[in-house]
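Following: one structure in structure tokens, then a few remarks.
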Amino acid sequence: MPDFSTLTIAPDAKAPRVARLLLNRPERLNAINNQTPREIRAAIEWVQDNDDIHVIVIEGAGKGFCGGYDLVASAESMTDHPCQQERFPWDPLVDYAAMKRNTEDFMSLWRCSKPTIAKIHGHAVAGGSDIALCCDLIVMADDAKIGYMPTRVWGCPTTAMWTFRLGPTRAKQLMFTGDVIDGRTAAEWGLANQAVPLAELEAAAMKLAQRIAGVPRSHLAMHKMVVNQVMLNMGLEQTQMLATVFDGISRHNPEGLWFRRYAQANGFKAAVEWRDSGRPIPEGDEAREEIRRLGGAT
């Protein structure tokens, strides 16, 4: 069995043909670090090469599925990073290369010939929602939360899956507000295949996985390929390219730099509280003035 630092992957001992991929950093709410995307891809490649496995269940250890990227330390520091460049002018292609690689790693869940099921409890938010939406199917606890709050400032979901999963009207609502929705709403909107009480989540996810697992691998692969091809014909890859470029811009334009400087001055938690509160976010010249007040260059 492969050995990873951020997750585990193994056949389910009680469910033939089913593998379990467990995001396993519960002390950090399974937040994404530099290793997580690579290890997701490696785990999926291991499953892809295992003919005994027909379907994969992806879940999170501890309190939730995934709380997004692990940004507290980096957001509060002045350390230069490809996705948080302190040098000026910033290099968009350096940012793009880093985030595009992560996106491609998450998309291994979508490209794998074997169906993937996200089993969500707690939160699947920000980058964690990218992981969930790259899965083929979603089963949620009815009180679980999913969304991409950084659309308010400092982020654009690079997998660009919201429109393909929800349609333009619902996707715009979530992208314009940064709101999260619960499992019940996700099921009503068609984002989740099913929402059940938390106590029933394991049984519901495994019932679906075992039903799928009885189908021959070749048939599953063909059906998945047909549906994925529709999304590709609709422009998924081109949309992801645009979203990944915009993600970098959102972290380096005046508003994104204001958010970073505010986090450095007041802590990441305070910056997130402002972002999610609904308070107007400084923009343009106002953001530049706030950056100067907070002690950072524009």
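Nothing fancy with the numbering, it's 1 onward along the sequence.
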Heavy-atom neighbours of [X] [atom1] exceed 12 at 6.0 Å:
X: Met241; atom1: CE; answer: no
X: Arg165; atom1: CZ; answer: yes
X: Asn233; atom1: CG; answer: yes

Which of these, Trp154, Trp274, Phe268, sits in a ring-ring contact (aromatic ring centres under 6.0 Å, His included) with Tyr262? Trp274

Option among Asp130, Thr239, Leu109 that satisfies the side-chain contact (heavy atoms from CB on, under 4.5 Å) test with Thr159: Asp130

Per side-chain contact (heavy atoms from CB on, under 4.5 Å), Ile56 is matched among Ile212, Asp12, Leu21, Ile117 by Leu21

Do [X] and [Y] pair up side chain to side chain, a donor and an acceptor below 3.5 Å, judged on atom types alone?
X: Tyr69; Y: Asn102; answer: yes
X: Ser5; Y: Glu39; answer: yes
X: Ser108; Y: Asp105; answer: no
X: Thr244; Y: Asp247; answer: no
X: Thr116; Y: Asp136; answer: yes
X: Thr6; Y: Gln35; answer: no

Listed pairs under 3.5 Å, donor-acceptor, residues 190-203 side chains, sequence neighbours left out:
from   : atom 1 : to     : atom 2 : distance (Å)
Asn193 : OD1    : Ile138 : N      : 2.8
Glu202 : OE1    : Arg20  : NH2    : 2.9
Glu202 : OE1    : Lys119 : NZ     : 2.5
Glu202 : OE2    : Arg20  : NH1    : 3.3
Glu202 : OE2    : Arg20  : NH2    : 3.2

Kindly determine whether Glu290 and Arg293 satisfy side-chain contact (heavy atoms from CB on, under 4.5 Å), including the steps that lead there. CA-CA 5 Å; Glu290 280 294 299; Arg293 187 183 68 79; 2.9 Å; yes

Would you list the atom pairs, donor with acceptor, under 3.5 Å between side chains in residues 83-99 and any protein atom, with sequence neighbours excluded?
from  : atom 1 : to     : atom 2 : distance (Å)
Gln84 : NE2    : Ser74  : O      : 2.7
Gln85 : OE1    : Asp91  : N      : 2.6
Gln85 : NE2    : Pro82  : O      : 2.9
Gln85 : NE2    : Asp91  : O      : 3.0
Glu86 : OE1    : Arg261 : NH1    : 3.1
Glu86 : OE1    : Arg261 : NH2    : 2.9
Glu86 : OE2    : Arg260 : NH1    : 3.3
Glu86 : OE2    : Arg261 : NH1    : 3.2
Glu86 : OE2    : Gln264 : NE2    : 3.2
Arg87 : NH1    : Asp80  : OD1    : 3.4
Arg87 : NH1    : Asp80  : OD2    : 2.3
Asp91 : OD1    : Leu93  : N      : 3.0
Asp95 : OD1    : Arg251 : NH2    : 3.2
Asp95 : OD2    : Arg251 : NH1    : 2.5

